[in-house]
Amino acid sequence: QLQLVESGGGLVQPGGSLRLSCAISGATLDYLTIGWFRQAPGKEREGVSCISSSGVSTNRADSVKGRFTISRDNARNTVYLQMNSLTPEDTAIYYCAARKGRLCREPYDYWGQGTQVTVSS
């Protein structure tokens, strides 16, 4: 059974940083494409970033370009999202999701439970 578990969320002040982790079990990360998504209260879920099974990364949201970086460690079966220069507008539940394939594209068939990120002074 393919499972994803997010961690690393929490409360941070504006301008601070967090690193989120997505631990994958039940499948080797070598063959998976992983995306990070977020959903703020009252808003639709949006794609944040994606990294393909070949290691090519794509930023999905214009608001995070230059601030967020996605990476993967295949040996540890873990994907990371480094978030810098955080603002209150980044407050959301962050999810990681997986698809079997090489490309960053819909659909994502497996989802984690989410981790809360709150940016507030």
Side-chain angles (χ1 to χ4, degrees):
Q1 184 74 24
L2 198 160
Q3 293 183 325
L4 305 96
V5 179
E6 304 94 334
S7 62
L11 176 64
V12 64
Q13 294 185 355
S17 298
L18 285 173
R19 189 181 73 163
L20 305 183
S21 298
C22 177
I24 295 93
S25 62
T28 175
L29 185 57
D30 295 352
Y31 302 101
L32 299 176
T33 289
I34 306 296
W36 282 100
F37 300 80
R38 67 184 182 184
Q39 187 167 23
K43 296 185 177 181
E44 296 183 355
R45 185 176 63 207
E46 67 171 342
V48 176
S49 190
C50 175
I51 188 162
S52 73
S53 60
S54 62
V56 178
S57 62
T58 303
N59 292 316
R60 298 299 191 188
D62 290 339
S63 62
V64 310
K65 291 180 179 178
R67 299 189 298 121
F68 290 10
T69 303
I70 190 170
S71 62
R72 64 194 294 149
D73 186 337
N74 286 358
R76 295 184 179 273
N77 248 35
T78 302
V79 173
Y80 304 96
L81 183 68
Q82 179 66 47
M83 307 187 296
N84 299 326
S85 302
L86 288 164
T87 75
E89 288 69 39
D90 295 316
T91 295
I93 301 176
Y94 284 72
Y95 302 88
C96 62
R99 68 182 303 273
K100 296 179 180 179
R102 299 180 180 272
L103 304 178
C104 290
R105 59 176 292 177
E106 299 290 343
Y108 292 85
D109 300 313
Y110 306 92
W111 293 81
Q113 84 289 346
T115 185
Q116 177 71 48
V117 172
T118 302
V119 185
S120 177
S121 60

How about L86 and F68: do any of their side-chain heavy atoms sit closer than 4.5 Å?
-> yes
Looking only at heavy atoms, what is the nearest atom pair of C104 and T58, with distance?
-> SG-OG1, 4.4 Å
What's the verdict on side chain to side chain contact (heavy atoms under 4.5 Å, CB included) for V64 and R38, showing C-alpha distance, side-chain angles and the deciding distance?
-> CA-CA 12 Å; V64 310; R38 67 184 182 184; 3.9 Å; yes
Might you point out which heavy atoms bring L29 and N77 nearest each other, and give the distance in Å?
-> N-OD1, 3.1 Å
Spacing of T91 atom OG1 and L11 atom CG [to the nearest 0.5 Å] | 8.5 Å
Take I24 and C22 through the side chain to side chain contact (heavy atoms under 4.5 Å, CB included) test and state the conclusion after the steps.
-> CA-CA 6 Å; I24 295 93; C22 177; 4.0 Å; yes
Do the non-hydrogen side-chain atoms of L32 and K100 ever get within less than 4.5 Å of each other?
-> yes
Identify the two heavy atoms, one from N84 and one from S17, that lie closest to each other, and give their separation to 0.1 Å.
-> OD1-OG, 2.9 Å
I34 vs L4 side-chain heavy atoms within contact, under 4.5 Å = yes
Neighbour count above 12 (heavy atom, 6.0 Å) for Q13 CD = no
Shortest non-hydrogen contact between W36 and S21, atoms and distance = CH2-O, 3.7 Å
Taken to the nearest 0.5 Å, the spacing of R102 CZ from S53 OG works out to 5.5 Å
Report yes or no: does Q39 contribute a side-chain atom to a donor-acceptor pair with the main-chain N or O of A92 at less than 3.5 Å?
-> no
Ignoring hydrogens and angles, tell me if any N or O in the side chain of S57 forms a donor-acceptor pair with the backbone of I70 under 3.5 Å.
-> no
Tell me yes or no: between the side chains of Y108 and R99, is some donor less than 3.5 Å from an acceptor?
-> no
Hey, what do you get for OG1 (T69) to CG (L81), rounding to the nearest 0.5 Å?
-> 8.0 Å
At their closest point, which heavy atom of S71 faces which heavy atom of V79, and how far apart are they?
-> O-CG1, 3.2 Å
Hey, can you tell me if W111 and Y95 have their rings parallel, tilted or perpendicular (30° and 60° cut-offs)?
-> perpendicular
Got S49 and I51 here, is their nearest side-chain heavy-atom distance under 4.5 Å?
-> no
Okay, side chain of E6, backbone of G114: is any donor-acceptor separation there less than 3.5 Å?
-> yes
Approximate separation, where rounding is to 0.5 Å, of S7 OG and Y80 OH = 9.0 Å
Compare all side-chain heavy atoms of D90 with those of M83 and state whether any distance is below 4.5 angstrom.
-> no
Between Q113 and V5, is there a donor-acceptor pair closer than 3.5 Å when you use the side chain of the first and the backbone of the second?
-> no
Close side-chain approach of R60 to V48, heavy-atom, < 4.5 Å | no
With a 4.5 Å heavy-atom cut-off, do L103 and S52 have their side chains touching?
-> no
May I ask you to decide if G101's main-chain N or O and T33's side chain share a donor-acceptor pair within less than 3.5 Å?
-> yes
With the 4.5 Å side-chain cut-off for hydrophobic clustering, are L18 and I93 part of the same group?
-> no
Any donor-acceptor N/O pair, S85 side chain to G15 backbone, under 3.5 Å = no
With distance as the sole criterion, is a donor-acceptor pair present between the side chains of S120 and T118 under 3.5 Å?
-> no
How about V119 and P14: do any of their side-chain heavy atoms sit closer than 4.5 Å?
-> yes
